[in-house]
Amino acid sequence: MPMRAMTGSEIRSAFLDYFQAEGHRVVASSSLVPTADPSLLFTNAGMVQFKDVFTGKEQRPYSRAVTAQKCVRAGGKHNDLENVGRTARHHTFFEMLGNFSFGDYFKERAIDHAWTFLTGRLGLPAERLWVTIHEGDAALGVGPDEEAERLWLRYVQKERIVPCSTKDNFWQMGDTGPCGPCSEIVYDQGPRMGCGRPTCAVGCDCDRYLELWNLVFMQFERSLEGVLTPLPKPSIDTGAGLERLAAVLQGGRSNFDTDLFRPIIGVVEEQCGARYGASVQAAVSMRVIADHARATAFLVTDGVLPSNEGRGYVLRRIMRRALRHGRMLGLEEPFLAAVTGRVAELMQEAYPELQEARDHVARVAQGEEERFGHTLKVGLRLVDSLLEAQKGAGSRTVPGAEIFKLYDTYGFPLDLLRDIAGDQGFALDEAGFEQAMEEQRAKARESWVGSGEVEIPASLKALADRLRVEACWHHSLTEEAKIAAILAGEGRQPAELLRQGETGELVLDRTPFYPEAGGQVSDGGRITTRDGAQAEVMAVHRPTPNLVLHRVRVKRGSLRADATVTAEVEAGRRKATAKNHTATHLLHAALRQVLGDHVKQAGSLVAPDRLRFDFSHWSPLAPQEIDRIERLVNEQIWENRRVGTEEKALDDAVKGGAMALFGEKYGERVRVVTVDGFSQELCEGTHVQATGEIGLFKIVSQGGVAAGVRRVEAVTGPGAYLYVKQEEQVLAEAAARIKARPLELAEKVERLTESSRDLERENQRLKARLAGGVLEELLAGSRDVNGVRVAAGRVDSLDAKGMRELGDRARARLGSGVVVLVAQAEGRVLWLTMVTTDLAGKVHAGRLARELAAVTGGGGGGRPDMAEAGGKDPSRIPEALERLPELVNRQLSS
RNA sequence: GGGGGGUUAGCUCAGUUGGGAGAGCGCCGCGUUCGCAACGCGGAGGUCGAGGGUUCGAAUCCCUUACCCUCCA
């Protein structure tokens with residue numbers, strides 16, 4: 001027996017070492033963001049990165065592998081988020097240890113290895129281990145897994161081999177594909193950890209019987225009809241949770257009592273000044289924070305940012321839950337970054353990327369804490385006024401609809417609302433809330449149409465399986481090729497012939513056309529036959545690796561399947577695109593040099609006329625930063641650095657420092673594009689041979705795309721020249737208009753604005769004086785209508801604002817009366833009517849305005865004391881004014 | 001993918017039947033003070049996210065769109 005329990009780190013190494021010694025390739029953990037699998041939110045098991053290997057779609061140069069895989073389980077089908085912290089075993093982030101056989105060894109070796117490792121290397125007492133096997137399933141047409149039972153009997157007594165149902169012990173990847181029975185190794189932690197019920201046994205959901213390791217025996221292929229046929233070369237997929245192993249070996253009651261978690265909890269203890277375990281509630285909060293901080297650190301490191309949809313939303317929920325528990329511990333100031341920092345320190349040996357991304361993670365954490373703080377602040381205000389209103393209405397219950405609105409629209413945490421309302425003696429209508437919630441869920445489900453994956457039509461799938469296209473785009477622009485297939489019509493059905501004027505898609509056996517990929521747009525060009533037929537290539541794409549589709553329009557003649565054609569790429573477009581693509585790599589490297597290593601590509605467009613680059617970065621770029629980036633890129637162009645490409649193994653490429661991007665799918669062999677001494681990136685695109693060809697690089701714009709993502713657009717070569725030229729012209733023209741030299745432009749504009757402002761003021765003064773005169777005139781011309789003073793006048797020199805000011809002054813001077821102003825401006829009529837308050841109820845300004853405007857061919861209205869109206873016929877203004885006394889009089893006498 | 005809410009001065013935000021674009025803080029100037037803070041007076045600063053429509057008239061109503069917040073999937 002070892003004197004000291006193994007640490008989590010030691011268990012991980014022991015596992016990898018053990019299987020490496022047994023002929024397994026140690027494969028690095030894949031990103032938490034699954035590559036090329038839109039159906040999966042996060043990597044949630046060790047086998048995810050080997051999916052295509054199991055189905056045979058992908059080949060690897062090894063047939064046995066071992067991994068320690070980072071996993072996240074949150075959101076999606078099994079949503080355990082609410083359980084984390086309350087139980088001993090639930091986590092959002094955990095590490096899965098797994099060994100894999102791809103058609104190599106099967107059940108016997110898998111069982112031997114698992115047993116030997118647990119009892120031998122880890123020293124777990126054999127008498128505490130139980131195993132489960134699949135009991136068989138008539139519906140599936142599968143009998144009990146007697147083979148596994150026989151093999152287990154070599155190590156365990158029959159009493160400790162428990163048959164289990166399909167629900168627990170039969171694994172399948174999806175509705176179709178590889179599947180098979182599983183066998184689990186269970187550890188008996190003893191009665192002190194159990195529920196004490198007489199029925200307690202393996203499978204009980206208490207903590208006594210702990211599932212340590214799941215062995216999946218992939219031995220069948222499931223067809224669409226649900227029929228299982230044996231696989232010729234069955235495979236093995238296993239998974240053991242590192243946290244559980246550590247808990248068992250270190251003798252703790254929970255996964256949180258291991259060295260994987262205690263140091264993280266320690267940081268939380270320091271932050272809030274309370275001891276872990278002092279109170280049950282506080283302990284839950286500390287566990288939640290520790291767990292969620294791990295998930296946050298790993299997810300952000302793998303390129304996920306908190307947002308309001310998809311993966312980012314799950315991350316945000318995890319982070320906010322941690323923050324909420326922080327507040328429950330009395331932590332009001334940002335604390336999460338300190339905790340994620342500790343996670344990075346603790347795990348850096350196994351996951352060096354954590355340390356590299358540490359500052360980035362801290363910034364993201366801090367940003368989210370600020371945003372959450374804001375959400376709470378706004379929410380608290382709303383809660384206050386809501387409770388106030390309820391009190392006013394004499395109610396002591398908060399309606400479900402209001403709770404829902406707070407939660408749904410403003411993101412206010414329900415439990416916090418419960419606390420606040422409770423303190424003030426309010427009850428919550430939680431049933432009403434649940435109902436509203438259920439309605440929203442139902443609505444969302446209804447509209448759900450499936451994941452964003454584009455379905456490939458069956459006809460294309462069949463074609464792809466049959467064909468293997470030869471890609472020539474990296475070494476030539478013109479190729480002799482044969483038309484392997486033609487697709488035409490709405491359903492993209494195979495066709496024999498494509499006639500003049502028709503559009504369709506061509507499959508060639510070899511092609512020089514670059515298909516749209518990695519942000520680079522596809523080539524254009526033409527396809528011709530010897531007998532003079534000609535088609536224009538409009539777009540090229542590649543739905544599967546074996547299938548390149550050329551979208552064409554036939555200009556002349558017709559194209560026939562099996563015909564021999566000449567495929568010719570438009571060289572100018574290709575060249576311009578290549579300049580922009582290489583420039584994109586230079587820009588990416590320059591951004592990282594100037595802004596820091598947290599800059600990661602988040603999206604990219606490479607077109608012939610421009611390039612667009614999205615990347616993770618927190619603040620807008622300062623003008624000086626843009627200058628430095630632009631200059632750095634241009635310096636590389638002036639240096640005329642060589643651009644080389646090279647094929648190598650993915651591992652070697654990454655070790656050599658090449659930039660690999662998340663969200664991209666890479667095979668075992670990758671293409672590395674190197675700009676000597678400056679940049680190295682995995683890339684399939686087309687590039688220039690030396691940076692000098694780019695000519696000139698100019699950033700055209702920069703802006704934000706989403707929180708934490710910035711976008712830069714730039715042009716190169718002739719495009720950049722044109723851009724600069726245009727700016728020069730605009731400048732020259734502007735300068736010419738104000739008779740200045742371009743260099744003096746700023747100064748001269750400054751002087752002009754100043755003088756224009758002076759003139760403006762002078763104008764105001766004159767207008768005011770003029771209005772004074774007009775005012776006197778207006779008052780002098782006022783007349784009595786049935787005991788009411790009516791002042792009316794035409795003021796064409798004033799605009800609407802001036803009229804209102806004049807009207808106000810006239811009304812004040814009048815004390816009691818009616819003011820009517822009318823002006824003609826740009827062929828239209830503008831009316832303003834005002835009535836002093838003492839006449840309210842006698843004369844209505846709105847009605848008066850409407851009636852006056854009607855005469856001049858318009859309409860209008862307003863408040864009883866002030867109204868505006870318009871019209872279209874200025875020639876009738878005098879007529880309208882003449883009718884004014886009559887109109888006023890009619891209102892007075894009605 | 002589907003809901004809810006938002007976008008108004010440098011910042012935080014008001015702005016109800018559609019009819020004067022505002023407050024607080026900040027900034028500049030003047031006053032008060034030995035000086036500072038505070039205070040008083042004055043001032044600069046607004047494509048009311050963008051585009052279309054309805055109307056005599058739109059920050060306000062309708063449609064489209066961008067972005068942000070938020071919930072659900």
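Sequence lines set the chain letters: A, B, ... in the order given, protein chains first and strands last, and positions in each chain run from 1.
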> Out of A:L839, A:T836, A:V835, which one pairs with A:V788 under the side chain to side chain contact (heavy atoms under 4.5 Å, CB included) rule?
Replying inline: A:L839
> Do you know which of A:L778, A:T833, A:L832 makes side chain to side chain contact (heavy atoms under 4.5 Å, CB included) with A:V820?
Replying inline: A:T833
Starting at [atom1] of [X] and ending at [atom2] of [N], how long is that distance when rounded to a whole Å?
X: A:Q440; N: B:G5; atom1: CD; atom2: P; result: 12 Å
X: A:L414; N: B:C71; atom1: CG; atom2: P; result: 12 Å
X: A:L417; N: B:C71; atom1: CG; atom2: C1'; result: 15 Å
X: A:D865; N: B:U17; atom1: CG; atom2: P; result: 12 Å
X: A:R850; N: B:G19; atom1: CZ; atom2: P; result: 15 Å
X: A:E434; N: B:C71; atom1: CD; atom2: C1'; result: 13 Å
X: A:M319; N: B:C69; atom1: CE; atom2: P; result: 13 Å
X: A:L832; N: B:G20; atom1: CG; atom2: P; result: 10 Å

>> For the CD atom on A:E886, are there more than 12 heavy atoms of other groups (residues, nucleotides or ligands in this structure) within a distance under 6.0 Å?
In response: yes
Whole-Å [atom1] distance, [N] and [M]:
N: B:G46; M: B:U8; atom1: C1'; value: 8 Å
N: B:C69; M: B:G10; atom1: C1'; value: 22 Å
N: B:U60; M: B:G49; atom1: P; value: 8 Å
N: B:U7; M: B:G51; atom1: C1'; value: 15 Å
N: B:A23; M: B:G42; atom1: P; value: 12 Å
N: B:C56; M: B:U16; atom1: C1'; value: 22 Å
N: B:C61; M: B:G15; atom1: P; value: 12 Å
N: B:G31; M: B:G35; atom1: C1'; value: 16 Å

Hey, does the side chain of [X] come within less than 4.0 Å of [N]'s phosphate (OP1/OP2), counting only N and O?
X: A:R804; N: B:G19; result: no
X: A:R381; N: B:C13; result: yes
X: A:R317; N: B:C72; result: yes
X: A:Y407; N: B:G4; result: no
X: A:Y313; N: B:C71; result: yes

Name the pairing partner of [N], where a pair is Watson-Crick or G-U wobble with both distances under 3.5 Å, or state none.
N: B:G1; result: B:C72
N: B:C39; result: B:G31
N: B:C67; result: B:G6
N: B:C13; result: B:G22

Give the nucleotide from the list [options] with an atom nearest to the side chain of [X].
X: A:M866; options: B:G4, B:C69, B:G19; value: B:G19
X: A:M437; options: B:C71, B:G4, B:G20; value: B:C71
X: A:T409; options: B:A73, B:C56, B:G5; value: B:G5
X: A:R811; options: B:G20, B:C56, B:G5; value: B:G20
X: A:Y410; options: B:G5, B:C69, B:G2; value: B:G5

Are [X] and [Y] ion-paired here, with the side-chain N under 4.0 Å from a carboxylate O?
X: A:E851; Y: A:R883; value: no
X: A:E369; Y: A:R327; value: no
X: A:R371; Y: A:E368; value: yes
X: A:K443; Y: A:D408; value: no

Using a heavy-atom cut-off of under 4.0 Å over every strand shown, decide if [X] touches base, sugar-phosphate, or nothing.
X: A:G870; result: base
X: A:G871; result: nothing
X: A:T375; result: sugar-phosphate
X: A:A867; result: nothing

>> Once you measure the plane-to-plane angle for A:F404 and A:F433, does it fall in the parallel (<30°), tilted (30-60°) or perpendicular (>60°) bin?
In response: tilted
> Between A:L406 and A:L830, which has a closest nucleotide on RNA chain B that is more 5'?
Replying inline: A:L830
>> Need to verify one output field. Residue with the more 5' nearest nucleotide on RNA chain B, A:G858 or A:D808?
In response: A:D808
>> So for A:E868 and B:G20, does any side-chain atom that can act as donor or acceptor lie under 3.5 Å from a complementary atom in the base?
In response: no
> Quick one: does A:D408 reach the base of B:G5 with a side-chain donor-acceptor pair under 3.5 Å?
Replying inline: no
